[in-house]
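Shown next, in structure tokens, is the structure this report addresses.
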Amino acid sequence: QVQLVESGGGSVQAGGSLKLSCAASGYIFSSCGMGWYRQAPGKERELVSVIKSDGTTNYADSVKGRFTISRDNAKNTLYLQMNSLKTEDTAVYYCAAEVIINNYCSGSPDYWGQGTQVTVSS
């Protein structure tokens, strides 16, 4: 059974930093891509950043240069280092994972964590 458990959210002032973690279990963590998404009140869920199994990363324009995604395959853990936080970064942050289906990575999120709240105040 695949499980993704986020941690590290909280409240911080603008300009501050937080580091989110996502502990994965129940599947081969290193095989496929993973990502961070967020959903602000009244808005749709949006992609923040993804990292492929080869370490290739991609970021939303709004977080480029401020956020860094990484993964530790030995610990089955995904991270998101968030620096220079802005009030508009306030949202629930979700970890998501692709898994192998029919011998290939699915190419889109198959499993989601429960989310962790990040609140940035001015």
Side-chain angles (χ1 to χ4, degrees):
Q1 180 180 355
V2 176
Q3 282 194 315
L4 302 173
V5 180
E6 301 101 333
S7 61
S11 297
V12 65
Q13 288 195 324
S17 298
L18 284 173
K19 186 173 185 177
L20 305 183
S21 299
C22 172
S25 62
Y27 74 109
I28 302 174
F29 177 84
S30 60
S31 296
C32 298
M34 297 195 71
W36 288 99
Y37 294 74
R38 68 186 181 187
Q39 187 167 19
K43 295 187 178 182
E44 294 188 352
R45 190 174 297 187
E46 64 175 1
L47 173 69
V48 175
S49 181
V50 293
I51 183 167
K52 296 183 179 179
S53 57
D54 64 1
T56 303
T57 60
N58 195 18
Y59 297 90
D61 287 343
S62 60
V63 306
K64 279 181 183 176
R66 300 188 297 121
F67 291 10
T68 302
I69 191 171
S70 62
R71 62 193 297 169
D72 185 335
N73 291 336
K75 296 182 177 179
N76 288 357
T77 302
L78 177 72
Y79 302 100
L80 184 69
Q81 177 67 48
M82 305 186 294
N83 298 329
S84 302
L85 282 160
K86 303 177 180 181
T87 55
E88 52 262 45
D89 295 319
T90 295
V92 178
Y93 284 71
Y94 298 90
C95 167
E98 306 173 43
V99 295
I100 292 176
I101 298 176
N102 295 327
N103 297 317
Y104 294 96
C105 294
S106 66
S108 61
D110 299 297
Y111 293 92
W112 296 85
Q114 82 288 351
T116 186
Q117 176 70 46
V118 171
T119 302
V120 185
S121 59
S122 58

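As a basis for the values below, the full set of heavy atoms in this structure was taken, side chains included, without hydrogen atoms, waters or symmetry mates.
- Under the rule for a salt bridge (Lys or Arg N to Asp or Glu O under 4.0 Å), R45 has no partner lying at least two apart in sequence or in another chain.
- L78 and V2 fall within a single hydrophobic cluster, where Ile, Leu, Val, Met, Phe, Trp and Tyr side chains are chained together by heavy-atom contacts under 4.5 Å.
- With values rounded to the nearest 0.5 angstrom, C22 atom SG is found 15.0 Å from Y93 atom OH.
- A distance of 8.0 Å separates CG of L80 from OG1 of T68, quoted to the nearest 0.5 Å.
- Applying the salt bridge (Lys or Arg N to Asp or Glu O under 4.0 Å) criterion to K64, with sequence neighbours excluded, gives D61.
- Here the closest non-hydrogen pair linking S108 and S106 is O-OG, 2.9 Å.
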Determine all donor-acceptor pairs shorter than 3.5 Å in which one atom belongs to a side chain in residues 115-122; sequence neighbours excluded.
{"unit_1": "T116", "atom_1": "OG1", "unit_2": "G9", "atom_2": "N", "d": "3.3"}
{"unit_1": "Q117", "atom_1": "NE2", "unit_2": "A91", "atom_2": "O", "d": "3.4"}
{"unit_1": "Q117", "atom_1": "NE2", "unit_2": "T119", "atom_2": "OG1", "d": "3.3"}

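- Of the possible donor and acceptor atoms, one in the side chain of S49 sits under 3.5 Å from a partner among the backbone N and O of N58.
- Residue W36 is grouped with residue L85 when hydrophobic side chains (ILVMFWY) are merged at heavy-atom distances under 4.5 angstrom, including chains of intermediate members.
- Following chains of ILVMFWY side-chain contacts shorter than 4.5 Å, one can reach L4 starting from I101, so the two form part of one hydrophobic cluster.
- You'll find the side chain of I69 stays beyond 4.5 Å of the side chain of M34, heavy atoms only.
- One hydrophobic cluster, built from ILVMFWY side chains closer than 4.5 Å, cannot hold both V48 and Y79; they sit in different ones.
- In the hydrophobic clustering (ILVMFWY side chains linked at under 4.5 Å, chained through shared members), Y94 is joined by Y37, L47, V50, V92, W112.
- Applying the salt bridge (charged side-chain N to carboxylate O under 4.0 Å, His left out) test to every pair with at least one member in residues 99-109, sequence neighbours left out, gives no pairs at all.
- Paired with S62 under the rule side chain to side chain contact (heavy atoms under 4.5 Å, CB included), one option of K86, R38, E88 passes, and it is R38.
- Interatomic distance, OG of S31 versus NZ of K52, reported as 15.0 Å (0.5 Å rounding).
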Check your understanding: Does the side chain to side chain contact (heavy atoms under 4.5 Å, CB included) test come out yes or no for N76 and S25, once each step is laid out?
Key -> CA-CA 7 Å; N76 288 357; S25 62; 5.8 Å; no
Practice item. Evaluate the side chain to side chain contact (heavy atoms under 4.5 Å, CB included) criterion for residues L20 and E6: first the C-alpha distance (whole Å), next the side-chain angles of each, then the deciding distance (0.1 Å), finally the verdict. Key: CA-CA 7 Å; L20 305 183; E6 301 101 333; over 6 Å; no
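- When side chains are defined from C-beta on, Y59 does not count as touching R66, because their heavy atoms never get closer than 4.5 Å.
- Residue N102 qualifies as open at atom CG: its count of foreign heavy atoms under 6.0 Å is 12 or below.
- Partners of N83 under the side chain to side chain donor-acceptor pair (under 3.5 Å) rule, at least two apart in sequence or in another chain, are S17, Q81.
- A distance of 6.5 Å separates OG in S53 from CZ in R71, rounded to the nearest 0.5 Å.
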